[in-house]
Amino acid sequence: MGSLVGHVAPGFAFFALGLWHLFNHIRLHSLHPNSYTSSPWFPTSKLRYLELFLIMLGSSISISMELLIGPKRHQPFDLDGTIPSNHLHNFEHSAISMTFFTYAAFAILFDKICPKAKYSLTQFLGAVAFAQQLLLFHLHSADHMGIEGQYHLLLQSAIVLSLFTTLMGIGLPKSFMVSFIRSLSILYQGVWFIVMGYMLWTPELIPKGCFIHSEEGHQVARCSSDEALHRAKSLVNIQFSWTLIAVTIFAMSFYLVLVKLYGENVEYSILTMEEDLGLEEDSDDVESQKESKHGVPKSFIHMGKRDAVMDIER
């Protein structure tokens with residue numbers, strides 16, 4: 001993961017997943033505002049488990065890159081079978097991917113078996129995946145005291161939000177805001193991963209007074225002085241703030257567009273039902289008027305017939 005591609009690729013995956021969930025939650029809430037219930041994942045019309053299959057595929061590719069393709073000898077172990085220091089972060093990153101793979105695999109299994117706690121257990125597995133991600137980024141073996149450490153520190157705030165909203169979703173399945181914030185936090189993780197990848201591994205974008213340095217076979221951003229490091233961290237904080245504003249504007253605009261698109265369909269269907277009910281009432285009024293012209297309402301005729309039958313039975 002310690003490269004431009006290693007951050008941009010998972011960043012795009014998180015962004016796509018967050019956007020997919022954001023779209024479906026807004027659409028579902030717009031169509032069914034009174035009976036809305038959250039879903040931990042969303043099936044597609046052609047392939048029910050497409051989302052979960054893609055999570056499993058992306059996780060498998062990540063594990064392969066970290067443990068098999070990335071290392072020079074195409075395996076992460078030392079000659080004596082131990083894990084060398086420069087490959088510790090490979091195992092940490094692969095553990096995160098394994099947890100997301102486990103979540104997707106059991107989500108498919110639960111959907112096929114349909115246990116009573118299917119929704120709660122699926123949400124819990126999602127929370128475990130985010131907890132694993134938070135733990136390993138917080139206790140990362142790599143030196144994250146510099147610029148990269150500031151990027152990862154701010155990333156953890158988005159992961160915390162994903163974790164807590166996923167746990168809240170277990171007890172609040174009908175809360176649209178919990179699902180909305182969770183989806184947005186996943187999307188933001190993706191955006192921040194992409195920003196991190198380009199800003200840390202593009203020489204032209206490295207802050208003034210800092211440079212890319214090779215350490216143990218990995219490219220790391222370092223600063224020449226404490227003043228340069230302080231300035232670089234401040235710039236990272238500003239980037240985070242600007243990114244947060246941009247993502248918030250996007251989310252609000254996206255919500256308004258989808259509500260207008262799908263909310264109008266709901267209003268149209270309600271108006272159509274009301275018109276149909278109005279026509280039925282009008283037709284009933286016409287029939288009652290016709291009956292009154294003949295002298296006796298139809299309801300009285302039915303009552304008369306009923307009384308006659310009762311007399312015959314007696």
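The structure displayed is predicted, hence computed values, not measured ones.
Tyr103 has its side chain within reach of Trp41: a pair of non-hydrogen atoms, C-beta onward, lies under 4.5 Å apart. In this structure, Leu154 and Val236 have side chains that are in contact, with non-hydrogen atoms separated by less than 4.5 Å. Residues Leu28 and Phe176 have side chains not in contact (no heavy-atom distance under 4.5 Å, counting atoms from C-beta outward). Taking 4.5 Å as the limit, some side-chain heavy atom of Ile108 sits within range of a side-chain heavy atom of Phe53. Looking at heavy atoms from C-beta onward, Arg222 lies out of side-chain contact with Leu229 at the 4.5 angstrom threshold. A 4.5 Å side-chain heavy-atom check between Tyr49 and Pro43 finds every atom pair outside the cut-off. When side chains are defined from C-beta on, Ser38 does not count as touching Val178, because their heavy atoms never get closer than 4.5 Å.
Taking the six-membered ring where the residue is Trp, Phe14 and Phe193 present parallel rings, their angle staying beneath 30° rather than reaching 60°. Using a 30° and 60° split on the angle between ring planes, Phe250 and Phe254 fall in the parallel class, below 30°. Classified by interplanar angle (parallel below 30°, tilted 30° to 60°, perpendicular above 60°), the ring pair His29/Tyr36 is perpendicular.
Under the 3.5 Å distance criterion, the side-chain polar atoms of Ser39 are left unmatched by any main-chain donor or acceptor of Phe42. A donor-acceptor distance shorter than 3.5 angstrom exists from the side chain of Ser64 to the backbone of Ser60, with no hydrogens or angles considered. Judged by distance alone, with hydrogens and angles left aside, the side-chain atoms of His152 form a donor-acceptor pair with the main-chain N or O of Glu148 at under 3.5 Å. A donor-acceptor pair under 3.5 Å links the side-chain atoms of Ser3 to the main chain of Gly6, judged by distance alone. Looking at Asn90, its side chain does come within 3.5 Å of a backbone N or O of Glu66 through a donor-acceptor pair. At distances below 3.5 Å, not a single donor-acceptor pair connects side-chain atoms of Thr202 with backbone N or O atoms of Met199.
For Ser97 and Ser59, the side-chain atoms include no donor-acceptor pair closer than 3.5 Å. Of the N and O atoms on the side chains of Trp20 and Glu51, at least one donor lies less than 3.5 Å from an acceptor on the other residue. No hydrogens or angles considered: nothing links the side chains of His213 and Gln219 as a donor-acceptor pair under 3.5 Å.
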Does the pair Ile55 and Phe101 meet the rule for a side-chain contact (heavy atoms from CB on, under 4.5 Å), with working shown? CA-CA 7 Å; Ile55 291 175; Phe101 184 95; over 6 Å; no
Take His7 and Trp201, measure what ring pair (Phe, Tyr, Trp, His ring centres under 6.0 Å) needs, and give me the verdict at the end. CA-CA 10 Å; His7 283 77; Trp201 285 278; 4.7 Å; yes
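Transitive grouping of hydrophobic side chains (ILVMFWY, heavy atoms separated by less than 4.5 Å) brings Phe130 and Ile181 into a common cluster. Val257 and Phe23 fall into different hydrophobic clusters, defined by Ile, Leu, Val, Met, Phe, Trp and Tyr side-chain heavy atoms under 4.5 Å apart, directly or through other members. Side-chain heavy atoms closer than 4.5 Å link hydrophobic residues (I, L, V, M, F, W, Y) into clusters, and following such links, even through other members, never connects Ile186 to Phe12. Hydrophobic clustering (ILVMFWY, side-chain heavy atoms < 4.5 Å, transitive): Leu161 and Ile194 are in one cluster. Cluster annotation: Leu187 and Trp242 are assigned to distinct hydrophobic clusters (Ile/Leu/Val/Met/Phe/Trp/Tyr, side-chain heavy-atom contacts under 4.5 Å, transitive).
The heavy-atom pair separating Ala228 from Gly209 by the smallest distance is CB-O, 3.7 Å. For the pair Ala127 and Leu163, the tightest heavy-atom approach, listed with the atom from each and the gap, is O-CD1, 3.2 Å. Closest heavy-atom contact between Ser183 and His25: OG-CD2, 3.2 Å. A pairwise comparison of heavy atoms in Gly197 and Leu4 identifies O-CG, 3.7 Å as the closest pair. Considering every non-hydrogen atom in both Gln132 and Ala95, the closest pair reads NE2-O, 3.9 Å. Nearest approach of Pro40 to His21, heavy atoms of both residues: O-CE1, 3.0 Å.
With rounding to the nearest 0.5 Å, the separation of CH2 in Trp192 from CZ in Phe240 is 6.5 Å. Of the inter-residue distances, the one linking Ser234 atom OG with Gln239 atom CD reads 11.0 Å to the nearest 0.5 angstrom. In this structure, CG on Leu244 lies 8.5 Å from OG on Ser157, to the nearest 0.5 angstrom. With values rounded to the nearest 0.5 angstrom, Leu235 atom CG is found 10.0 Å from His230 atom NE2. Residue Ile147 holds its CD1 atom at 5.5 Å from CD1 of Ile206, rounded to the nearest 0.5 Å. In this structure, OG1 on Thr122 lies 8.5 Å from CG on Leu52, to the nearest 0.5 angstrom.
Counting heavy atoms of neighbouring residues, nucleotides and ligands inside a 6.0 Å radius, atom OH of Tyr119 exceeds 12 of them.
With sequence neighbours left out, Gln189 forms a side-chain hydrogen bond (donor to acceptor under 3.5 Å, both in side chains) with Gln133, Ser162.
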